[in-house]
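Notes for the one structure printed next.
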Amino acid sequence: MAALSTERLLQQLESPLQALYVLHGEEDLLRIEALDALRAAAKAQGYLNREVHTADTGFDWQELLVSANSIGLFAELKLLEIHIPNGKPGKAGGDALEQLAANLPPDTVTIVLLPKLERAQTQAKWFAALSRSGVVAEAKAVDSQALPGWIRGRLAQHGLSIGQEALALFAERVEGNLLAAKQEIDKLALLYPAGHELDIAETEAAVADVARFDVFQLAAAWMTGDAARVVRLLEGLEAEGEEPVMLLWMLADDIRTLIRLTAALKQGQTVAQVRNSLRLWGSKQQLAPVAVRRLATSRLLAALQECARIDRIIKGAETGAAWPAIRQLLVSLAT
């Protein structure tokens, strides 16, 4: 069964609940909200006996199976939650989850809660078994393009609207930190009555600068040619104390991938054919072709040589400052 978005899942919870739900994804806030909504729906539909198991070190999976299939004295409807914080149940856990999926306990709604999963985990037998037997919902990250719409929608739930300039400022200040965005929206709902339209002055005064930056956002920025965003992300990463060595390693790896992709395309291969060998997973499957159309191989090779020079700077083998050099290189790749 294809994964739903958590938003789509929430729209279905007024109907009778399914026997199994699997929640996973990288956006903590959306996973928490989906779990809370499932709990509320289960309670409203009479699943009053809640049982929670957390699969940490030393967890007994057989005990879970016994407990899942046990029937209480009064045969109450049960909500069974299985939390797997690291997303890796191991061999024993995988076998147990397959058994559970094949024989879902009666009068029970089961929720399996997982973090962001890697490709190997989503292709594991236990995940496939859960997917076949239940509803899978993925809490995907809200990227910079979708964030303004998400903010506007959440404000509308409180009866608030927002001007375009104010919305752009709001999104800039909370980028990458959805939990903080929700907190700021809740604060604005307390400050202003329903029907109010927020202007830029009100937004600037009320919304804290809580943007969270990570090196993975940089690839999207420079590959799509967004130089202004590159500069902002780099300033944020440097202010947060990010080490340039990791950033440089990821940048050089991406450049090598683009060089190999360019060569493959010239040989008549498609992106789909080289996706796995070049590790073009997730958004990079769309970003990399955009970048190779924009950046000639000669520019990529020169950029790789510059990465080597910056590496020598970081190691003290050459004079210079790493951060300004990285900034200059990334801005050149984005223009």
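No experiment lies behind these values; they were computed from the predicted model shown.
- Put simply, CG on L261 and CD on Q269 are 9.5 Å apart, with the number rounded to the nearest 0.5 Å.
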>> Run E202 and H196 through side-chain hydrogen bond (donor to acceptor under 3.5 Å, both in side chains) and show every step you take.
In response: CA-CA 11 Å; E202 292 166 337; H196 183 78; 3.0 Å; yes

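- At a threshold of 4.0 Å, the pair R173-E184 does not count as salt-bridged, since none of the basic side-chain nitrogens sits closer than that to a carboxylate oxygen.
- The two residues L17 and L13 have their closest heavy-atom pair at CD2-CD2, 3.9 Å.
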> side-chain contact (heavy atoms from CB on, under 4.5 Å) between Q286 and M223: does it pass, once the steps are laid out?
Replying inline: CA-CA 10 Å; Q286 289 76 45; M223 285 188 184; over 6 Å; no

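- In this structure a side-chain-to-backbone donor-acceptor pair under 3.5 Å is missing from E204 to A201.
- To the nearest 0.5 Å, atom CG of residue L35 and atom CD of residue E81 are 5.0 Å apart.
- The side-chain heavy atoms of P115 and I84, taken from C-beta on, include no pair separated by under 4.5 Å.
- Sorted by first and then second residue, the side-chain hydrogen bond (donor to acceptor under 3.5 Å, both in side chains) pairs with a member in residues 315-332 read E238-R327, D311-K315, R312-E318; sequence neighbours excluded.
- Note that CH2 of W61 and NZ of K91 are 13.0 Å apart. Values are rounded to the nearest 0.5 Å.
- The stretch residues 51-63 participates, sequence neighbours left out, in these salt bridge (charged side-chain N to carboxylate O under 4.0 Å, His left out) pairs: E51-K78.
- Residues L79 and V135 fall within the same hydrophobic cluster, defined by Ile, Leu, Val, Met, Phe, Trp and Tyr side chains chained together at heavy-atom separations under 4.5 Å.
- Side chains of V230 and L333 form no contact here, defined as non-hydrogen atoms less than 4.5 Å apart.
- With a 6.0 Å radius and a threshold of 12 heavy atoms from other residues, nucleotides or ligands, M250 has its CE atom above the threshold.
- Looking only at side-chain heavy atoms (C-beta outward), L64 and F59 come within less than 4.5 Å of each other.
- When atom types are taken as modelled, the side chain of E27 and the backbone of L178 share no donor-acceptor pair closer than 3.5 angstrom.
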> Between H158 and L188, does a side-chain contact (heavy atoms from CB on, under 4.5 Å) hold up when you go through it step by step?
Replying inline: CA-CA 9 Å; H158 295 283; L188 288 167; over 6 Å; no

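- No side-chain donor-acceptor contact under 3.5 Å links R260 to the backbone of V274.
- Between the side chain of Q217 and the backbone N or O of L233 there is no donor-acceptor pair closer than 3.5 Å.
- V52 and L113 fall into different hydrophobic clusters, where Ile, Leu, Val, Met, Phe, Trp and Tyr residues are linked whenever their side-chain heavy atoms come under 4.5 Å apart, directly or through other members.
- One distance of note links CG of L80 with CG of L104; it measures 10.0 Å at 0.5 Å rounding.
- From L329, atom CG reaches atom CD of Q305 across 11.5 Å, with rounding to the nearest 0.5 Å.
- Annotation: side chain of N177 is in contact with side chain of L179 (closest heavy-atom distance under 4.5 Å).
- R31 places no side-chain N or O within donor-acceptor distance of the main-chain N or O of K116, the cut-off being under 3.5 Å.
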>> For V271 and L265: C-alpha separation, side-chain torsions, deciding distance, then whether side-chain contact (heavy atoms from CB on, under 4.5 Å) applies.
In response: CA-CA 7 Å; V271 174; L265 294 176; 4.2 Å; yes

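- Looking at heavy atoms from C-beta onward, E175 lies in side-chain contact with R232 at the 4.5 angstrom threshold.
- Within 6.0 Å of CD on Q123 lie more than 12 heavy atoms contributed by other residues, nucleotides or ligands.
- The number of heavy atoms from other shown groups lying within 6.0 Å of CZ (R299) is above 12.
- Note: the hydrophobic cluster containing L251 does not contain V290 (ILVMFWY, side chain heavy atoms under 4.5 Å, direct or indirect links).
- Considering only heavy atoms from C-beta on, R294 stays 4.5 Å or farther from T224 through its side chain.
- L169 is not connected to L160 by any chain of hydrophobic side-chain contacts under 4.5 Å among Ile, Leu, Val, Met, Phe, Trp and Tyr, and they are in different clusters.
- Using a 4.5 Å cut-off on side-chain heavy atoms (C-beta onward), L4 and Q12 make contact.
- Here the side chains of L304 and L300 are not in contact, with every heavy-atom distance at 4.5 Å or above.
- Criterion: ILVMFWY side-chain heavy atoms under 4.5 Å apart, direct or through other members. Under it, L278 and I255 are part of a common hydrophobic cluster.
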>> Quick one, W222 with L234, criterion side-chain contact (heavy atoms from CB on, under 4.5 Å). Give me CA distance, side-chain angles, the key distance, then yes/no.
In response: CA-CA 11 Å; W222 71 261; L234 282 172; over 6 Å; no

